[in-house]
Amino acid sequence: MDTHPIRTPPNEEERRAVDTLLGPEPDDGALPSAVSEVRSQRHALLPALHAVQSRFGWVSPGALGYICRRLGVPPAEAFGVASFYALFALQRRPPTVVHVCDDIACKAAGADAILSKLQKGAGESTWMRSPCLGLCERAPAAMVVAAGPAPFERGFGPVTLESVNQALADHRVAEQPATVLPQAGDPGLRLLRRVGRADPRHLDDYRAHGGYDALRRALELGPSGVVREMNDAKLVGRGGAAFPTGKKWEAVSQAPVRPHYVVCNADESEPGTFKDRILMEEDPFAVVEGMTLAGFATGSERGYLYVRGEYPLATERLASAIAQARVRGFLGDDILGRGVRFDIEIRRGAGAYICGEETALFNSIEGFRGEPRNKPPFPVSVGLFGKPTCVNNVETLVGALDVLASGGEAYTAVGTAGSTGTKLFCLSGKVARPGLYEVPFGTRLDALLALAGGVAGGRPLQAVLLGGAAGAFVTPEELSVPLTFEDTRRIGASIGSGVVMVFDDTVPLVPLLQRMAAFFRDESCGQCVPCRVGTVRQEELVTRLAERRPLGSVADELTLLKELGQAMRDASICGLGQTASTAIESAVANLDLFPGGPTP
């Protein structure tokens with residue numbers, strides 16, 4: 001272990017930025033005296049790096065060394081953590097950076113034409129390419145990040161060459177309009193019923209629209225009663241894995257080891273996904289209430305809300321909601337005077353898709369590189385800080401409120417026997433009315449597309465990407481598929497995170513496959529060989545096919561693509577490697593993009 005300190009001293013402003021977060025340095029400047037003390041402080045590493053990055057636009061050697069000294073983290077390890085995340089800079093750069101998305105939704109919306117005309121900024125600002133920013137309904141999109149004493153961050157879109165250049169010049173953008181749901185006013189909305197109606201900035205408005213009714217009912221039912229309602233409702237996780245929520249909560253509640261934790265996985269990074277962002281921005285108190293409900297049911301007294309680093313407005317809204325809930329007695333040591341203790345701490349991600357994997361997220365919170373852990377043991381027994389942990393995503397937690405509002409058995413009346421309730425779908429691409437939609441499970445894909453106005457301009461449909469970059473392409477002949485977990489599996493697809501990205505006949509799909517392959521190569525954490533090497537070889541192979549220079553025949557290449565995908569599925573530690581080839585293989589198999597050989 002490298003214990004040599006960084007000799008470069010911090011300047012006074014860097015020291016102040018860190019001390020504002022951690023408190024003043026002890027007079028003797030001593031390292032933490034015991035291993036247990038070091039471990040108890042290391043979880044502050046990511047917040048400390050954020051504090052310096054947001055103040056100066058980069059993490060200098062002096063600032064990194066000072067953080068290491070304050071937290072007792074070896075410099076080599078701290079450097080390994082800081083360099084793991086895309087939003088931290090370890091080399092000096094301008095304090096204002098505009099991140100311009102070039103991922104699949106924005107690429108299909110013309111981002112490449114904008115990027116080709118942008119000039120590198122000079123002086124106080126610059127721009128860089130970015131993976132999906134979670135603003136796909138406004139594609140093409142960008143995010144401006146301006147460091148300084150009063151840092152500014154905001155996503156915006158749809159962007160033009162002029163608006164990006166203006167952001168580079170002004171170091172900020174005008175406040176974006178509030179989200180308008182395409183289904184606004186629909187009485188059938190459940191998860192989205194408050195969006196656009198209740199002011200997300202005020203607790204009283206949330207309560208006037210049914211807020212905290214679910215928590216009050218939970219306090220009447222007791223923890224076991226809440227778990228029973230979740231099991232009766234057959235609520236499953238909405239992040240992609242579809243694990244039964246009630247079983248997870250029950251397992252954590254019964255774990256003998258203490259303390260227990262609740263973690264909200266709000267690191268929504270799947271390309272094409274923006275449902276959790278809209279819930280956090282437009283109904284943040286529901287996320288806080290959902291976490292509190294989970295904490296009560298699982299016997300947890302602390303929750304961590306891990307928000308994607310590219311979601312600045314969501315982070316602001318959630319921080320305000322938590323503060324208001326704490327003041328009004330909905331968080332803290334005696335919630336609603338019932339002796340229930342639970343509080344929430346926000347942790348910001350810093351640009352790592354892999355941290356959407358639950359155990360990688362734990363490592364990130366604990367101050368380590370966001371690399372997945374081997375399972376078993378599973379988080380319900382050994383999770384965050386080695387303790388039993390309940391992990392749910394935003395949509396699942398808000399859905400739990402809906403279960404208590406209607407009752408578990410009544411909840412199953414919506415949807416199908418195997419997929420109960422409603423589901424949020426993120427429609428983007430060449431669709432007439434892009435945006436976030438809520439429909440009952442079992443709604444057919446063609447009916448959902450019709451709800452969104454069909455293909456923009458009435459053009460022919462080429463394909464639909466269902467489930468994101470880790471999902472699969474669906475052909476026009478498969479649009480009658482009911483949107484349930486079981487029916488999408490039947491056609492070799494998955495609902496995943498709810499992505500429905502539409503491509504008409506004008507969109508070249510091969511460049512999108514190249515972008516997906518590059519995405520998985522970039523986002524692989526590199527911990528396991530099948531994913532680290534497989535994603536590189538997959539990108540090389542797709543590039544050869546795209547450029548019509550196969551090694552051997554096209555048939556040979558397609559066979560190799562299939563073998564690569566199978567190796568990653570069989571041997572990768574986590575879902576990134578296991579799904580890195582899924583969409584690409586489905587496109588090759590279903591869309592005849594590379595004529596000349598048998599499909600994989």
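What you see is a predicted model, and the numbers here were worked out from it, not measured in a lab.
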* Heavy-atom neighbours of Arg92 CZ exceed 12 at 6.0 Å -> no
* Evaluation steps, side-chain contact (heavy atoms from CB on, under 4.5 Å), between Leu576 and Glu357 -> CA-CA 8 Å; Leu576 189 154; Glu357 198 279 334; over 6 Å; no
* Asked: Of the non-hydrogen atoms in Arg201 and Ser320, which two are nearest, and what is the gap between them?
  -> O-OG, 4.4 Å
* Structure fact -> Exactly one candidate in Val159, Leu115, Thr160 meets side chain to side chain contact (heavy atoms under 4.5 Å, CB included) with Pro140; the answer is Val159
* With no hydrogens and no angle check, is any side-chain donor or acceptor of Gln578 less than 3.5 Å from a backbone partner on Ser572? -> yes
* Please report the shortest heavy-atom distance between Arg42 and Glu366, naming the atom on each side. => CG-O, 3.4 Å
* Does Arg544 reach the main-chain N or O of Arg549 with its side chain, forming a donor-acceptor pair under 3.5 Å? -> no
* Asked: Within 45° of the axis and under 6.0 Å from the centre of the six-membered ring of Tyr66, does NZ or CZ of Arg15 qualify?
  -> yes
* Please round to the nearest 0.5 Å and tell me the distance separating atom CD of Glu523 and atom CD1 of Ile354. => 8.5 Å
* Measure the CG-CZ distance between Leu305 and Arg348 for me, rounded to the nearest 0.5 Å. => 13.0 Å
* How long is the span from the CD atom in Glu358 to the OG1 atom in Thr389, to the nearest 0.5 Å? -> 9.5 Å
* Between Arg277 and Glu310, is there a side-chain N and carboxylate O pair less than 4.0 Å apart? -> no
* Asked: Do Ser83 and Leu90 touch side chain to side chain, with heavy atoms closer than 4.5 Å?
  -> yes
* Short side-chain to backbone donor-acceptor contact, Asp267 and Gly356, under 3.5 Å -> yes
* Asked: Taking His171 for the side chain and Val144 for the main chain, is one N or O donor matched with an acceptor at less than 3.5 Å?
  -> no
* Asked: Looking only at atom types and distance, does a side-chain atom of Glu539 sit under 3.5 Å from a main-chain N or O of Arg521, one as donor and one as acceptor?
  -> no
* To do: Report the C-alpha distance between Leu46 and Arg347 in whole Å, list the side-chain angles of each, state the deciding distance to 0.1 Å, and finish with yes or no for side-chain contact (heavy atoms from CB on, under 4.5 Å).
  => CA-CA 8 Å; Leu46 219 62; Arg347 290 300 175 91; 5.7 Å; no
* Do Thr543 and Glu547 have side-chain heavy atoms sitting under 4.5 Å apart? -> yes
* Should Leu87 and His99 count as side-chain neighbours, where that means a heavy-atom distance under 4.5 Å? -> yes
* To do: Write down the atom of Ala89, the atom of Gln53, and the distance for their closest heavy-atom approach.
  => N-OE1, 3.0 Å
* Asked: Can you check whether Pro434 reaches Cys136 side chain to side chain, under 4.5 Å on heavy atoms?
  -> no
* So which heavy atom on Pro508 is nearest to which on Pro511, and how close? -> O-CD, 3.4 Å
* Asked: Any side-chain heavy atom of Cys426 within less than 4.5 Å of one from Val500?
  -> no
* Asked: Is there a donor-acceptor pair closer than 3.5 Å between any side-chain N or O of Arg326 and the backbone N or O of Asp343?
  -> no
* List in chain and number order the residues that pass side-chain hydrogen bond (donor to acceptor under 3.5 Å, both in side chains) with Ser581, two or more places apart in sequence or in another chain; answer none if no residue qualifies. => Arg569, Glu585
* Asked: Is there a donor-acceptor pair under 3.5 Å between the side chain of Glu268 and the backbone N or O of Arg308?
  -> no
* Centre of Phe156's six-membered ring, under 6.0 Å away, within 45 degrees of the axis: is that where NZ or CZ of Arg138 sits? -> no
* **Lys NZ or Arg CZ of Arg172 over Phe152 ring: under 6.0 Å, within 45°** => yes
* Structure fact -> Those residues at least two apart in sequence (or on a different chain) that pass ring pair (Phe, Tyr, Trp, His ring centres under 6.0 Å) with Phe285 are Tyr206
* Step-by-step side-chain contact (heavy atoms from CB on, under 4.5 Å) determination, Ile67 to Val73 -> CA-CA 8 Å; Ile67 291 171; Val73 178; over 6 Å; no
* salt_bridge(Glu14, Arg55) N-O dist < 4.0 Å -> no
* **Side-chain (Gln176) to main-chain (Ala174) donor-acceptor, under 3.5 angstrom** => yes
* **Distance in Å, Leu318 CG paired with Met280 CE, rounded so as to fall on 0.5 Å steps** => 6.0 Å
* Any sub-3.5 Å donor-acceptor pair from Thr396's side-chain atoms to Arg238's backbone N or O? -> yes
* To do: Quick one: pull up CG in Leu384 and CG in Asn363 and give me the separation to the nearest 0.5 Å.
  => 9.5 Å
* Just wondering, do Pro271 and Val499 contact through their side chains at under 4.5 Å, heavy atoms? -> no
* Heavy-atom pair with the smallest gap, counting every atom of Tyr311 and Gly134 -> OH-CA, 3.6 Å
* Asked: Is the shortest heavy-atom distance from the side chain of Glu316 to the side chain of Arg154 under 4.5 Å?
  -> yes
* Which is it for Ser428 and Glu137 under the side-chain contact (heavy atoms from CB on, under 4.5 Å) test, yes or no, and what are the steps along the way? -> CA-CA 5 Å; Ser428 63; Glu137 84 280 24; 5.5 Å; no
* Structure fact -> What one should report as the nearest heavy-atom pair of Ala583 and Phe473 is O-CD1, 3.4 Å
* salt bridge (charged side-chain N to carboxylate O under 4.0 Å, His left out) partners for Arg515, two or more places apart -> Asp102, Asp103
* Asked: Is Glu270 paired with Lys275 through a side-chain N to carboxylate O contact shorter than 4.0 Å?
  -> no
* Just one of Leu509, Val431, Val464 clears the side chain to side chain contact (heavy atoms under 4.5 Å, CB included) bar with Phe503, so which one? -> Leu509
* So, Ser524 side chain and Phe520 main chain: donor-acceptor pair closer than 3.5 Å or not? -> no
* Asked: Between Tyr353 and Cys132, is any pair of side-chain heavy atoms under 4.5 Å apart?
  -> no
* Nearest-0.5 Å distance that lies between atom CD in Gln538 and atom CD in Glu540 -> 11.0 Å
